[in-house]
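Note on naming: letters A, B, ... go to the chains in the order of the sequence lines (proteins, then strands), and numbering restarts at 1 for each one. Bear in mind the structure is a predicted one, so any value in this text is a computation, not a measurement.
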Amino acid sequence: MRVSKALIPTVKETPGEAEIPSHKLMLRAGLMRKVASGIYEYLPLGQRSLLKVMGIIREEMDRGGAQEVLMPILTPAELWQETGRWQKYGKELMRVKDRHERDYALGPTHEEVITDLVRRELKSYKQLPLNLYQIATKFRDEVRPRFGVMRSREFLMKDGYSFDADDEACDKTYWIMFGAYQRIFKRCGLNFAPVEADSGLIGGSFTHEFMVLAETGEAAIALCEACGYAANLEKATGVPAPHAAPAAGGATQKAYTPGKHTVEHVSELLKLPAQQFIKTLIFVADGKPVAVLVRGDHDVNEVKLKNFLEAQELALAPAEKVMEVTKAPVGFAGPVGLSGARVVADKALQGGHQYVAGALEKDYHLTNVELGRDFKDPEWADLRSVATGDGCPKCGKPLKAGRGIEVGQTFKLGLKYSKAMKCVYLGEDGKDHETVMGCYGIGVTRTVGAAIEQHNDADGILWPISVAPYEVHLLLLNPSDPEVAKAADQCYEDLKKAGYEVLYDDRAEATAGFKFKDADLLGLPLSVRVGAKGLKEGVIEVKRRRLKDVAKVPAAQVLDKVKEFAAEEWKLCAP
RNA sequence: CGGGGCGUGGCGCAGCGGUAGCGCACUUGGUUUGGGACCAAGGGGUCGUGAGUUCAAAUCUCACCGCCCCGACCA
């Protein structure tokens, strides 16, 4: 492609709306433009990268035995009502009415649609396993779209769904898809980690999120560098730091703690470490009060709590409710003598002694509180977020906090949708059986954003060659010099003939410096620079964007050099 | 939805009661041409929208709309 004829509107100044590197660069390099909040159009360069990612996804999904289909974006409300998600999905589901006032949703994901398709076509166990996917536009009316392509309201997604005869077969499919995902993201040149996660609204028994590691990622994760354990913070477990008081002390005593209602303040006053505190928080779950106990140095994890309580709605109780339940203002809640609320406690409290807890009385705390002695055993569960200083649940080495961009997620759905929608097949035994489902998503647009987020420098993008819009950027540095122009044209023809995707900056009006800056910004992995200075010495320059040094070779060796450098680049994207 | 910020040529910004400006980009001509060239001459804006205050509003007031950030939320 000749730049002189292409729509590649690069901009020197960063548009004010962009905050993170990938967003800035996608706008600056002319990959996309914003149409409205969270809605973008992709220009030729952006579209080429999207197609590259889609190509890799297709190859790996097909290799994993999946078949590509295409489902509608506009989906009838009835399907959503069947599973209850017409209600449950809430405002994030984009709804539209047709001229007859019939309700539709713009698909945010397609479990209902695909399950409907399969239940109509699936008759016999002989048709299983079945694994179908599509790459299509999804709509989610996000509360707050942000960071460009990272959280948008309309985006490209690959969504795949598997149907198996039984649990064991589903597991097998799940791990095949898991492997396909590893290959996909490696081939996209991404540094990523599959992490254990919560399954949220999609539901199901277990799930992995594929996180591209990046500081600007929206998701907090816990990582173990020693053994590779990684989990979303909302799901992560850890081995807590040791208890402050490993042995039982004397009888419970009342301590006067006027106006001190945080663990931090009481800890200071009593000169006792936070690990020795029982923090009691009052939540309201589906209208009922629940007292949650965690160690003073830990935080309640609302996702874990919600899952444990199997609650639909969960929130911290308002002050009046706390007063009603604990007979004291906020800050003096404790488990001793507490009644009128379900009591759940985080397991990390077990094994500790001489605890400090609220006395259920204004301005008083209790010390030397013992589990089981001073209050009845609560319901135990893992209810806390991993804290700094925790050990890895697998190997015990210290966990590290990190951030990631979720580019994909795999779910083992089990029977959730096949039960709700009666997706059954006739088994060998002549009876109907529900199919066991899995589902597998990849944010295609987000993957492109994540690649840029992870691969850029002060001058621009550093595309992994597998997803770069073009492989080679050919620069004609002195367009008015016929000799130079001729040599560059020849390079263009030769490179194309050799099968490379070449972007040829043949612009007559742009100076050499301008072209260098644009080339750095666009970030194609390889560049070939043809200029008068080089030709005088009988050489053409070949450069890798990510490296400083330039190879100067005679015209006849340009192809060999490009081949060599391209091979190096491809190694970085090997599955 | 709560908190904060911003809407002025395509982009980045200044102006903050009294004739709409600057830089970049764009058009034309010329000189240039190895790290975002220079000179000259041009074109382009109902100052987000609507009410109001005023002799006079981009500027003050109110409402609405849009955009961005933090939070809540998020397959």
>> For a quick check of understanding: with a heavy-atom distance under 4.0 Å over all strands, which category does A:Phe147 fall into, base, sugar-phosphate or nothing?
In response: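 Sugar-phosphate, no base atom in range.
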
>> At 4.0 Å (heavy atoms only), tell me whether A:Glu92 reaches a base, stays on the sugar-phosphate, or touches nothing.
In response: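 Sugar-phosphate: the residue A:Glu92, judged by heavy atoms under 4.0 Å, touches backbone atoms but no base.
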
What is the separation between atom [atom1] on [X] and atom [atom2] on [N], rounded to the nearest whole Å?
{"X": "A:Asp141", "N": "B:C1", "atom1": "CG", "atom2": "C1'", "value": "13 Å"}
{"X": "A:Ile8", "N": "B:A25", "atom1": "CD1", "atom2": "P", "value": "19 Å"}
{"X": "A:Glu142", "N": "B:G71", "atom1": "CD", "atom2": "C1'", "value": "15 Å"}
{"X": "A:Glu19", "N": "B:C6", "atom1": "CD", "atom2": "P", "value": "15 Å"}
{"X": "A:Met150", "N": "B:C74", "atom1": "CE", "atom2": "C1'", "value": "16 Å"}
{"X": "A:Ile405", "N": "B:C74", "atom1": "CD1", "atom2": "P", "value": "20 Å"}

With both distances under 3.5 Å as the test, what is the Watson-Crick or G-U wobble partner of [N]?
{"N": "B:U32", "answer": "none"}
{"N": "B:G42", "answer": "B:C26"}
{"N": "B:U61", "answer": "B:A51"}
{"N": "B:G21", "answer": "B:C13"}

> Counting only N and O atoms by type, is there a donor-acceptor contact under 3.5 Å from the side chain of A:Tyr181 to the main-chain atoms of A:Gly441?
Replying inline: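 Confirmed, A:Tyr181 side chain pairs with A:Gly441 backbone.
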
>> Pairing donors with acceptors under 3.5 angstrom, does anything connect the side chains of A:Thr10 and A:Asp518?
In response: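 Yes, because at least one side-chain N or O of A:Thr10 sits under 3.5 Å from a partner of the opposite role on A:Asp518.
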
> With distance as the sole criterion, is a donor-acceptor pair present between the side chains of A:Asn131 and A:Tyr133 under 3.5 Å?
Replying inline: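 No, no side-chain donor-acceptor pair sits under 3.5 Å.
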
> Do you know which two heavy atoms are closest between A:Phe192 and A:Gln182, and how far apart they sit?
Replying inline: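 Looks like CZ-O, 3.6 Å.
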
> With under 30° as parallel and over 60° as perpendicular, where do the rings of A:Phe185 and A:Phe210 fit, or are they tilted in between?
Replying inline: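 Taking A:Phe210 first and then A:Phe185, their aromatic rings sit tilted (interplane angle of 30° to 60°).
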
>> Parallel, tilted or perpendicular: which one describes the rings of A:Tyr174 and A:Tyr440, with boundaries at 30° and 60°?
In response: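 Tilted.
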
> Taking the side chain of A:Glu13 as heavy atoms from C-beta outward, which of B:A72, B:C73, B:G23 is closest to it?
Replying inline: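 Nearest to the side chain of A:Glu13 among the choices is B:G23.
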
>> Could you tell me how far B:C26 sits from B:C69 if I compare only their C1' atoms? Round to whole Å.
In response: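 That atom pair is separated by 33 Å.
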
>> Apply side-chain hydrogen bond (donor to acceptor under 3.5 Å, both in side chains) to residues A:Glu234 and A:Asn301 and explain how you reach the verdict.
In response: CA-CA 7 Å; A:Glu234 62 189 28; A:Asn301 180 318; over 6 Å; no

> Which sits closer to the 5' end of RNA chain B, A:Gly441 or A:Arg146, going by the nucleotide each is nearest to?
Replying inline: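 The residue closer to the strand's 5' end, by nearest nucleotide, is A:Arg146.
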
> With the sugar-phosphate defined as primed atoms, P, OP1 and OP2, and the base as all remaining atoms, what B/S/- string results for nucleotides 30-37 of chain B, 5' to 3', for protein heavy atoms under 4.0 Å?
Replying inline: ---BBBBB

